[in-house]
Number of protein chains: 2
Amino acid sequence: MHLLELIKTIKKRREALQVTQEGLAALSGVGLRTLKQFESGKGNPTLSTLQKISDVLGMEVCLKIKNVKHTK
Amino acid sequence: MHLLELIKTIKKRREALQVTQEGLAALSGVGLRTLKQFESGKGNPTLSTLQKISDVLGMEVCLKIKNVKHTK
DNA sequence: ATATAAAGAGCTATAAAATGCACTATATTT
DNA sequence: AAATATAGTGCATTTTATAGCTCTTTATAT
């Protein structure tokens with residue numbers, strides 16, 4: 001997942017949960033400014049910031065192997 | 001995945017591919033110092049740093065929903 | 001049309017990430 | 001034991017993320 005996908009995922013999830021940026025900022029402990037910057041594509045958040053946001057949205061950051069070909 | 005898991009995953013993957021920190025730093029464009037700090041648990045890397053490292057190792061950063069209960 | 005709520009952006013200060021260099025520690029091999 | 005390779009750390013600098021405040025933009029509702 002590249003940056004734009006991550007942003008989109010977060011944003012959609014937040015909206016699906018009907019949380020505002022302000023609400024998410026308060027719940028996650030991340031500054032509102034930081035969250036706004038991130039969602040508007042201006043950001044390069046630290047891992048901890050991304051984790052705080054994800055956690056509140058019921059998501060988690062993970063690492064996946066790319067290009068897994070299933071031998072079927 | 002919390003920080004320690006991410007670190008462990010990266011480190012194991014790097015070792016499995018028999019790449020040194022120096023090699024990974026060169027390939028990913030991330031500074032050797034940064035990589036060392038990250039692997040030794042001192043870091044809070046930015047997303048872009050994490051992505052550069054992951055990419056070279058054939059992995060990618062992703063977001064997953066937590067606690068998915070499969071209705072079977 | 002206007003009030004209200006939510007999101008985006010400029011300016012600024014502070015904290016912290018990224019980086020290089022040099023040194024130390026730890027294996028591993030000869 | 002000595003040499004070599006790999007990993008970890010202290011120090012210093014530069015860059016950048018975080019954050020708050022204020023203002024603007026945009027959408028929504030009355």
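Every chain is numbered from 1, with letters handed out A, B, ... down the list of sequences. Predicted model only: the values in this text are computed from it and were never measured.
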Task: Residue B:E15 excluded, over 12 heavy atoms near CD under 6.0 Å - done: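 For B:E15, atom CD is crowded (more than 12 foreign heavy atoms under 6.0 Å).
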Sorted by number, the residues of [range] with heavy-atom contact under 4.0 Å to DNA chain D:
range: residues 34-41 of chain A; result: A:T34, A:Q37
range: residues 44-63 of chain A; result: A:N44, A:P45, A:T46, A:T49
range: residues 10-26 of chain B; result: B:K11, B:R14, B:T20, B:Q21

Task: salt bridge (Lys or Arg N to Asp or Glu O under 4.0 Å) contacts in which one or both residues fall within residues 40-51 of chain A, not counting sequence neighbours - done: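 Pairs touching residues 40-51 of chain A that pass the test: none.
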Open item on the list: Going by salt bridge (Lys or Arg N to Asp or Glu O under 4.0 Å), name the pairs with one or both residues in residues 17-37 of chain A, residues two or more places apart or in two chains.
Closed with: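 Residue pairs with at least one partner in residues 17-37 of chain A: there are none.
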Task: Residue closer to the 5' end of DNA chain D, A:G29 versus B:K42 (nearest nucleotide) - done: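 Result of the comparison: B:K42.
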I need the [X] [atom1] to [Y] [atom2] distance, nearest 0.5 Å.
X: B:F38; Y: B:N44; atom1: CZ; atom2: CG; answer: 9.5 Å
X: A:L50; Y: B:L50; atom1: CG; atom2: CG; answer: 9.0 Å
X: B:M59; Y: A:C62; atom1: CE; atom2: SG; answer: 9.0 Å

Open item on the list: Suppose we screen for side chain to side chain contact (heavy atoms under 4.5 Å, CB included). Which residues come up paired with B:K66, at least two apart in sequence or across chains?
Closed with: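 A:D55, A:E60.
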Task: Closest non-hydrogen atom pair between B:A25 and B:L35, with its separation - done: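 Between these two residues, the closest heavy atoms are N-CD2, 3.8 Å.
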Polar atom pairs (N or O), protein with nucleotides 23-25 of chain D, under 3.5 Å:
none

Open item on the list: Rounded to whole Å, how long is the line connecting atom CG of B:L32 with atom P of D:dT9?
Closed with: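 Nearest whole value for this atom pair: 13 Å.
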Open item on the list: Taking donor-acceptor contacts at under 3.5 Å, does the side chain of B:R33 reach the base of D:dG10?
Closed with: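 Flag set: donor-acceptor pair detected.
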TODO: Check whether any side-chain N or O of B:T34 sits under 3.5 Å from a backbone N or O of B:V30 as a donor-acceptor pair, and report yes or no.
DONE: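 Checking the backbone N and O of B:V30 against the side chain of B:T34, no donor-acceptor pair under 3.5 Å is found.
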Open item on the list: Between A:S28 and A:L24 (side chain of the first, backbone of the second, donor and acceptor by atom type, cut-off under 3.5 Å), is there such a pair?
Closed with: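 Looks like yes, one N/O pair under 3.5 Å.
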TODO: Give the intermediate values and the outcome of side-chain contact (heavy atoms from CB on, under 4.5 Å) for residues A:L63 and B:S54.
DONE: CA-CA 8 Å; A:L63 288 173; B:S54 304; 3.4 Å; yes
Compile the donor-acceptor pairs under 3.5 Å between side chains in residues 6-13 of chain A and protein atoms, sequence neighbours left out, one pair per line.
unit_1	atom_1	unit_2	atom_2	d
A:T9	OG1	A:E5	O	2.7
A:R13	NE	A:L57	O	2.6
A:R13	NH2	A:L57	O	3.0

- [ ] Find out whether B:P45 and A:T46 are in side-chain contact, i.e. whether some heavy atom of one side chain is under 4.5 Å from a heavy atom of the other.
- [x]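 In short, these two side chains do not touch, never coming nearer than 4.5 Å.
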Open item on the list: Using five base pairs at each end to define the local axes, how bent is the helix from C:dA1-D:dT30 to C:dT30-D:dA1, to the nearest 10°?
Closed with: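 One end's axis against the other's: 50°.
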Nucleotides 27-30 of chain C: which of its N/O atoms have a protein N/O under 3.5 Å away?
none

Task: salt bridge (Lys or Arg N to Asp or Glu O under 4.0 Å) partners for B:E39, two or more places apart - done: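 With neighbours one apart ignored, the set is B:R14.
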Task: Connected via hydrophobic side-chain network under 4.5 Å: B:M1 and A:V61 - done: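 Yes, it is one cluster - the side chains of B:M1 and A:V61 are joined through contacts under 4.5 Å.
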Open item on the list: According to a hydrophobic-cluster definition based on side-chain heavy atoms being under 4.5 Å apart (Ile, Leu, Val, Met, Phe, Trp, Tyr only), do A:L32 and A:L27 belong together?
Closed with: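 Different clusters.
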